[in-house]
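This report concerns only the one structure given below.
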Amino acid sequence: MTKNENVKNQDTLQDPTTQYPQPPFPRQPQDAPGTVHKMQPAPDHGETTYQGSGRLRGRKALITGGDSGIGRAAAIAYAREGADVAISYLPSEETDAQEVIKLIEEAGQKAVALPGDISDESFCQQLVADAVSKLGGLDILVNNAGKQTAIEAIADVTTEQFDATFKTNVYALFWITKAAMPHLKPGASIIVTSSIQAAQPSPNLLDYAQTKACGVAFTQALAQQVAEKGIRVNAVAPGPVWTPLQPSGGQPQDSIEKFGSEVPMKRPGQPAEFGPLYVYLASQESSYSTGAVFAATGGMLMV
Ligand code: NAD
Ligand code: MG
């Protein structure tokens with residue numbers, strides 16, 4: 001990407017409270033897993049702004065849920081930092097995914113599209129095998145795909161939902177990371193997308209909040225296990241972020257109208273605000289950090 005001094009980007013000094021849209025937002029129901037194209041206002045994944053500087057030159061990355069939201073922002077940033085990138089997503093998300101594939105290729109990097117359902121163990125194993133063979137190795141694993149369905153009362157949380165949420169957010173994390181481990185060399189980085197929900201569970205996210213706490217414990221345990229191999233494992237804990245996960249059943253629509261108003265910055269985060277953090281954790285710049293949880297919550301406390 002050529003430098004344009006008029007474009008505000010991750011290097012521009014600006015007031016973070018007014019940097020991006022604030023609520024109220026229109027009600028905008030869509031079916032899970034959702035698409036970025038039905039979101040109003042449109043989310044920013046850094047498409048027109050993220051400027052790389054070679055931080056990940058020559059690396060090979062697999063990002064689950066790389067079609068949209070936080071995963072899309074990470075994919076764009078990684079490619080512009082010089083990494084080849086494979087993205088996983090559900091087959092119904094092909095349109096969103098192909099846009100990301102195009103953006104990775106426009107950055108001059110190899111892009112690999114790996115559709116499939118990570119709630120299936122054999123698919124998770126195939127996913128890692130395909131990513132490794134098509135990229136020619138693996139240095140960065142971003143376990144980012146997630147399922148979130150808001151339900152008011154425990155009586156209405158079905159076993160099917162509970163099971164699907166845990167399969168997607170917890171089991172897949174285990175299956176994919178286990179399959180990736182033999183391919184990772186010293187310097188490799190594993191990143192887990194957890195949530196503020198790990199520390200401050202919402203009453204209507206009973207199953208989801210538990211899975212995000214699992215992600216923190218997984219990160220902390222595995223980081224200690226593999227530190228001597230030179231492999232680092234860290235988690236990111238986002239606050240509310242403007243992604244399809246939320247209007248497609250992650251929140252009730254009345255919460256979408258005021259989404260982000262509960263945090264000190266009074267607005268949701270945009271995926272573009274996560275690209276640089278995922279780059280930092282993947283790169284050698286964070287060489288002394290492992291087993292850590294990096295919060296980006298608009299000011300909500302991770303206590
Ligand atoms: P998103 O909807 O853009 O991304 C989630 C992705 O998960 C989907 O695009 C989909 O490709 C993938 N996915 C879901 N179920 C899958 C399955 N069975 N098989 C394969 N892929 C599947 O939303 P996002 O907010 O960017 O979500 C990314 C991560 O961020 C999730 O782990 C989510 O829990 C976490 N998170 C989001 C928020 C938020 O407010 N948006 C806050 C904290 C944490
Ligand atoms: Mg998606």
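Just follow the structure's listing: the first ligand is 1, and inside any ligand the first atom is 1. For the numbers below, each heavy atom of this structure counts, side chains included, while hydrogens, waters and symmetry mates do not.
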Applying a heavy-atom cut-off of 4.0 Å, say which part of Val241 lies close to ligand 1: side chain, backbone, both or neither.
both

Scanning both residues in full, the closest heavy-atom pair of Gln284 with Arg59 reads N-NH1, 4.3 Å

Report yes if some N/O of Lys147 lies less than 3.5 Å from some N/O of ligand 1; otherwise report no.
no

Which segment of Asp67 sits under 4.0 Å of ligand 1 when only heavy atoms are counted
side chain

Considering non-hydrogen atoms only, spot the tightest contact between Lys110 and Ile104 and give its length.
O-CG2, 3.5 Å

Mind checking whether Phe294 and Tyr280 have parallel, tilted or perpendicular rings, split at 30° and 60°?
perpendicular

Is it true that Glu93 lies under 4.0 Å from ligand 1, counting heavy atoms only?
yes

All heavy atoms of Asn204 vs all of Pro252, minimum pair found to be ND2-CD, 3.7 Å

Which residue and atom name correspond to the protein heavy atom nearest atom 6 (C) of ligand 1, and how close is it?
Gly65 CA, 3.8 Å

Reported CD-to-CD1 distance for the pair Glu121 and Ile176, which is rounded to 0.5 angstrom:
11.0 Å

Strictly under 2.8 Å, is any N, O or S atom of Ser68 next to the Mg ion (ligand 2)?
yes

What N, O or S atom of Asp67 is found closest to the Mg ion (ligand 2)?
OD2

Atom pair CD/OG1 of Gln51 and Thr49 - distance to nearest 0.5 Å
8.0 Å

Shortest non-hydrogen separation from Cys124 to Ile118 and the atoms involved
SG-O, 3.1 Å

Working to the nearest 0.5 Å, report the span between CD1 of Ile190 and CG of Leu184.
5.5 Å

Reported OG-to-CG distance for the pair Ser283 and Asp139, which is rounded to 0.5 angstrom
12.5 Å

Near-ring test Trp242/Tyr20, centroid separation under 6.0 angstrom:
no

Answer side chain, backbone, both or neither: which part of Tyr208 comes under 4.0 Å from ligand 1, heavy atoms only.
side chain

Between CD on residue Gln28 and CD on residue Gln246, distance to nearest 0.5 Å:
11.0 Å

Looking at non-hydrogen atoms alone, which of Gly239, Gly116, Ser88 comes nearest to atom 20 (C) of ligand 1?
Gly116

Starting from atom 35 (C) of ligand 1, find the nearest protein heavy-atom neighbour and note its residue, name and distance.
Thr193 CG2, 3.5 Å

Can you report which non-hydrogen protein atom sits closest to atom 25 (O) of ligand 1, along with the distance?
Thr243 OG1, 2.6 Å

From CD1 (Ile140) to NZ (Lys60), nearest 0.5 Å
10.5 Å

Chi angles and distances behind the side-chain contact (heavy atoms from CB on, under 4.5 Å) call for Leu141, Ile191
CA-CA 6 Å; Leu141 171 62; Ile191 302 166; over 6 Å; no

Considering heavy atoms of the protein only, find what lies nearest to atom 2 (O) of ligand 1 and give residue, atom and distance to 0.1 Å.
Leu245 N, 3.3 Å

Where's the contact between Ile70 and ligand 1, heavy-atom distance under 4.0 Å: side chain, backbone, both or neither?
both

What atoms of ligand 1 come closer than 4.0 angstrom to any heavy atom of Gly69?
3 (O), 26 (O)

Relative to Phe174, does Lys178 satisfy both conditions: NZ or CZ under 6.0 angstrom from the six-membered ring centre, and within 45 degrees of the ring's axis?
no

Closest approach of any protein heavy atom to atom 12 (C) of ligand 1, naming residue and atom
Ala145 CB, 3.6 Å

Using heavy atoms and a threshold below 4.0 Å, how should the contact between Ser194 and ligand 1 be classified: side chain, backbone, both, or neither?
backbone

Of the protein's non-hydrogen atoms, which lies at the shortest distance from atom 19 (N) of ligand 1, and what is that distance?
Ile118 N, 2.9 Å

Would you say Arg72 touches ligand 1, if touching means a heavy atom closer than 4.0 Å?
no

Is Pro240 touching ligand 1 with its side chain, its backbone, both, or neither, if touching means heavy atoms under 4.0 Å apart?
backbone

I want to know if ligand 1 touches Phe259 in the polar sense, i.e. an N/O pair below 3.5 angstrom.
no

Tell me which part of Gln148 gets within contact of ligand 1: side chain, backbone, both or neither, using heavy atoms under 4.0 Å.
neither

Which ligand 1 atoms does Lys212 reach within 4.0 Å, using its non-hydrogen atoms?
31 (C), 32 (O), 33 (C), 34 (O)

Contact partition for Gln246 relative to ligand 1, non-hydrogen atoms under 4.0 Å
side chain

Can you tell which of Ser119, Gly71, Ser68, Ala74 gets a heavy atom nearest to atom 1 (P) of ligand 1?
Ser68

Using side-chain contact (heavy atoms from CB on, under 4.5 Å), reason through Phe25 and Gln40 one step at a time and then give a plain yes or no.
CA-CA 7 Å; Phe25 300 114; Gln40 323 160 38; over 6 Å; no

Test side-chain hydrogen bond (donor to acceptor under 3.5 Å, both in side chains) on Tyr78 and Gln109; report intermediate values, then the result.
CA-CA 9 Å; Tyr78 282 8; Gln109 298 303 133; over 6 Å; no

2.8 Å cut-off met by an N, O or S atom of Glu93 to the Mg ion (ligand 2)
yes

Non-hydrogen atoms of Gly34 versus ligand 1: any pair closer than 4.0 Å?
no

What protein heavy atom is closest to atom 7 (O) of ligand 1, reported as residue, atom name and distance in Å?
Gly146 N, 3.1 Å

Atom 31 (C) of ligand 1 - nearest protein heavy atom and its distance:
Asn144 O, 3.1 Å

Near Tyr89 (heavy-atom distance under 4.0 Å), the atoms of ligand 1 are 11 (O)

